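Residue numbers run from 1 in the order of the sequence given. Only this structure's heavy atoms are used, side chains among them; waters, hydrogens and symmetry mates stay out. Please read all numbers here as calculations on a predicted model, not as lab measurements.
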Amino acid sequence: MEGDGSDSLVTIKNIERELICPACKELFTHPLILPCQHSICHKCVKELLLTLDDSFNDVGSDNSNQSSPRLRLPSPSMDKIDRINRPGWKRNSLTPKTTIFPCPGCEHDVDLGERGISGLFRNFTLETIVERYRQAARAATAIMCDLCKPPPQESTKSCMDCSASYCNECFKIYHPWGTVKAQHEYVGPTTNFRPKILMCPEHETERINMYCELCRRPVCHLCKLGGNHSNHRVTTMSSAYKTLKEKLSKDIDYLIGKESQVKGQISELNLLMKETECNGERAKEEAITHFEKLFEILEERKSSVLKAIEASKKLRLDKFQTQVEEYQGLLENNGLVGYAQEVLKETDQSCFVQTAKQLHLRIQKATESLKSFRPAAQTSFEDYVVNTSKQTELLGDLSFFSNGIDVPEINEEQSKVYNNALINWYHPGKEKADSYVLEYRKINRDDEMLSWNEIEVHGTSKVVSELENNCNYAFRVRAYKGSICSPCSRELILHTPPAPVFSFLFDEKCGYNNEHLLLNLKRDRVESRAGFNLLLAAERIQVGYYTSLDYIIGDVGITKGKHFWAFRVEPYSYLVKAGVASSDKLQEWLRSPRDAVSPRYEQDSGHDSGSEDTCFDSSQPFTLVTIGMKKFFIPKSPTSSNEPENRVLPMPTSIGIFLDYDKGKVSFYDMDHMRCLYERQVDCSHTMYPAFALMGSGGIQLEEPITAKYLEYEEDI
């Protein structure tokens, strides 16, 4: 018996990793079964839902990453817990009556349905196993009687109906013979009490008596008759119990029967590990040998190049030294000049001619040296600059033999960066790789080479997060087929936005004109409809008015910090304004009757070329640029050229806006190259809003943040 107890203890201890909650990393406490069949603590579900609720309500820039579901979270307040426990809880009025929950076990979003947490089953079986594990871990720790007067005695049994533990005396007192309590079910001492009958979470008064084969969960007869499982195939609970138990027992017996085979495979794996270790060390030695050969070649070439440079330098210095000595001799010829002057004093012609002939040759030679001064050698070593560009490129591509594995190529058109980076690539060869490794690193301004970060990917696209703002990043991919690696692809350089991405949607209430503007359900796209009302309004141009702009703004304001957002203007758009405006300025614009006041004649509106010609006030509480007819118009400025050819640019595919609220500056970017097109000061003394305006036919689409869901959507397309 002792041996059996020891074996069961070892078995219980071996299953510890199966009893750990994937969220809090501790033993399960009141675990709930999610629709994906993974279990999670009841408190962890609440805390994660509260975190998601807070992150949804705290709209604005995502300056930090979402809280990881694998982190332990602070205890929530009771009012929020009650709100989440209520059936039909939802995040806001636009969200359907369902609760999306990110399962930390499989890292997929699961739908908790209208009832949320209330619709989840408690995993009593797992809870019982956890309790047995706790008891095995505690070993000699006894469970005390709940009804004894101090000091309590050690309990001998627990009542499942009373949910309490008793010693022998107390059990007899509280469960006397001949009473209803005497019929209660009791077990050995335990702290894990669970209901004797499993009730339906959707129909709380109904027993669970069927099993839905489609949803893989127990249901009651009301669920089948008129609930969510009315069209699903169900079976009786006894039949499901028998079937699942037979399958599980069969699989367990199979695994136990294959114990010797598993041990043999483990031994084989251990041998393979040793062989891999030896082969890896051998491969490292061979690689070191190859690199040492390269080093020897480089050292040899380095030595010969330095010798050639040194020889040329010595030769040139010798020539310069000789020339210096020659000119030094000219200084010494001052005595020759004095001697010649004395010779000129000779009056006897014969004597003079006899002496002057040789003297004249010497003076003539010195004169010619002064007239034709030229350095004896060149100082430049341009001919001795070593060109290593080809060799650098070859060494950069240095890799293992690919054995026919083609190099993957990054798709630059489908790769982009916003709040995260989305990298897409394709494999040009017929044979697909087993996996890929995406490498990326930050490029410093001083060209400092940082180490590469690596991500293993089993597809052909990947979202890379946690990139620093306003930085260049290099990306490259290599393919793996078995243990063979291909060379790396060509690098793709992407520049991250200058600030965290600001999250907002179009406001469907403030200033929104549903006669002229059409807003989609997601509120991230707006179109201007030029219809009959526009034609009627255009008639008033005869009396000095023209059709005004239709405004639409973001539903979130900015009161501090740096923020960046991006959008696309449809190519067919006639006139679109985009930028930022303060809350008081927006109220002024939106209060004015549309067809009675024209922004063109407002002194500081900045809404068209008329006002831009005269308004250079740097303290205005708004800035809007004009986009239309596939052009981007830079507003006029006193500090730059105002010629039309310098102010009209091709319209970028995507346009970014960067607002530095604290410094009072707004900038407009070409998202394709992350290049600043225009910037100016703006008065940020009030709350600032993303502002847009349309005239005639046009459309604006807000850029969608890049997330894992975005990647799945792209793959589906």
Derivation of the side chain to side chain contact (heavy atoms under 4.5 Å, CB included) call for Lys562 and Leu659: CA-CA 6 Å; Lys562 298 178 180 180; Leu659 175 64; over 6 Å; no
Apply salt bridge (Lys or Arg N to Asp or Glu O under 4.0 Å) to residues Glu412 and Arg490 and explain how you reach the verdict. CA-CA 11 Å; Glu412 297 186 12; Arg490 289 188 176 274; over 6 Å; no
Please walk me through it: do Tyr436 and His427 pass side-chain hydrogen bond (donor to acceptor under 3.5 Å, both in side chains)? CA-CA 10 Å; Tyr436 300 89; His427 208 123; 3.0 Å; yes
Test log, rule side chain to side chain contact (heavy atoms under 4.5 Å, CB included), inputs Trp425 and Val477: CA-CA 8 Å; Trp425 61 89; Val477 184; 3.9 Å; yes
Determine whether Phe567 and Ile657 satisfy the following criterion, side chain to side chain contact (heavy atoms under 4.5 Å, CB included), listing intermediate values before the conclusion. CA-CA 9 Å; Phe567 59 93; Ile657 297 180; 3.6 Å; yes
Please assess Phe502 against Val556 for the test side chain to side chain contact (heavy atoms under 4.5 Å, CB included), listing each intermediate value before the final yes or no. CA-CA 9 Å; Phe502 182 63; Val556 184; 3.7 Å; yes
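Of all the heavy atoms in Pro652 and Leu677, the pair that sits closest is CG-CD1, 3.9 Å. When every heavy atom of Ser573 is checked against every heavy atom of Val569, the shortest pair comes out as OG-CG1, 3.6 Å. Closest approach of Thr496 and Asn469 over heavy atoms only: OG1-C, 3.4 Å. Residues Met688 and Asp683 approach most closely at SD-O, 3.6 Å, considering heavy atoms. Counting all heavy atoms, side chain and backbone alike, Glu466 lies closest to Asn420 at N-OD1, 4.1 Å. Closest approach of Ile410 and Leu492 over heavy atoms only: CG2-CD2, 3.7 Å.
Counting heavy atoms from C-beta outward, Arg680 and Lys665 have side chains that stay 4.5 Å or more apart. Taking 4.5 Å as the limit, some side-chain heavy atom of Val625 sits within range of a side-chain heavy atom of Tyr678. Under the 4.5 Å side-chain criterion, counting only non-hydrogen atoms from C-beta, Phe692 is not in contact with Ile553. Using a 4.5 Å cut-off on side-chain heavy atoms (C-beta onward), Ser582 and Phe622 make no contact. In this structure the side chain of Trp565 never reaches within 4.5 angstrom of the side chain of Leu702, judged on heavy atoms. Side-chain contact between Phe504 and Tyr689 is absent, with no heavy-atom pair separated by less than 4.5 Å. Between Ile493 and Tyr473, every side-chain heavy-atom pair lies at or beyond the 4.5 Å cut-off. By the 4.5 Å heavy-atom criterion applied to side chains, Asp662 and Lys560 are counted as neighbours.
A donor-acceptor pair under 3.5 Å links the side-chain atoms of Asn419 to the main chain of Ile706, judged by distance alone. Remark: the backbone N or O of Cys684 is paired with a side-chain donor or acceptor of Tyr661 at under 3.5 angstrom. Within the 3.5 Å criterion, the main-chain N or O of Asn424 finds a donor-acceptor partner in the side chain of Ser415. Although no hydrogens or angles enter the test, the distance criterion places a donor-acceptor pair under 3.5 Å between the side chain of Ser486 and the main chain of Ala479. The backbone N or O of Ile309 sits nowhere less than 3.5 Å from a side-chain atom of Ser312 that would complete a donor-acceptor pair. Gln701 places a side-chain N or O within 3.5 Å of a backbone atom of Asp524 that can act as its donor or acceptor partner. Checking side-chain atoms of Ser303 against main-chain N and O of Glu299 turns up no donor-acceptor pair under 3.5 Å. Between the side chain of Glu409 and the main chain of Tyr426, no donor-acceptor pair closer than 3.5 Å is present. Remark: side-chain polar atoms of Arg647 are paired, donor with acceptor, to backbone N or O of Ile634 under 3.5 angstrom.
Expressed to the nearest 0.5 Å, how far NE2 of His495 lies from CD1 of Ile443 amounts to 11.0 Å. From Ser489, atom OG reaches atom CD1 of Ile423 across 10.0 Å, with rounding to the nearest 0.5 Å. Taking SG from Cys488 and CG from Leu438, the interatomic distance works out to 10.0 Å, rounded to the nearest 0.5 Å. Between Lys630 atom NZ and Met651 atom CE the span is 8.0 Å, to the nearest 0.5 Å. Put simply, CD on Glu296 and CZ on Arg301 are 15.0 Å apart, with the number rounded to the nearest 0.5 Å. A distance of 9.0 Å separates CD1 of Ile627 from NZ of Lys577, quoted to the nearest 0.5 Å.
Asp660 and His563 share no donor-acceptor pair across their side chains, judged by distance under 3.5 Å alone. A side-chain donor-acceptor contact under 3.5 Å links Ser654 and Glu703. Side chains of Asp672 and Thr653: a donor-acceptor N/O pair is present below 3.5 angstrom, by distance only.
Using a 4.0 Å cut-off between a side-chain N of Lys or Arg and a carboxylate O of Asp or Glu, Lys462 and Glu456 do not qualify as a salt bridge. Using a cutoff of 4.0 Å between basic side-chain nitrogens and carboxylate oxygens, Lys345 and Glu342 are scored as salt-bridged. A salt bridge links Lys284 with Glu281; the closest basic N to acidic carboxylate O contact falls under 4.0 Å.
For Phe668 and Phe658, the gap between ring centers reaches or exceeds 6.0 Å.
For the salt bridge (Lys or Arg N to Asp or Glu O under 4.0 Å) criterion with Glu310, the lone passing option out of Lys313, Lys314, Lys307 is Lys313.
By the neighbour-count criterion of 12 heavy atoms within 6.0 Å, atom CD of Gln354 is sparsely surrounded, having that number or fewer from other residues, nucleotides or ligands. Within 6.0 Å of the CD atom in Gln391, the count of heavy atoms belonging to other residues, nucleotides or ligands exceeds 12. No more than 12 heavy atoms of other residues, nucleotides or ligands shown are found within 6.0 angstrom of CD on Gln378. More than 12 heavy atoms of other shown residues, nucleotides or ligands fall within 6.0 angstrom of atom OH in Tyr572.
Annotation: cation-pi geometry satisfied between Arg476 and Trp452 (NZ/CZ under 6.0 angstrom from ring centroid, within 45° of ring axis).
Residues meeting the ring-ring contact (aromatic ring centres under 6.0 Å, His included) test with Tyr384, sequence neighbours left out: Phe381.
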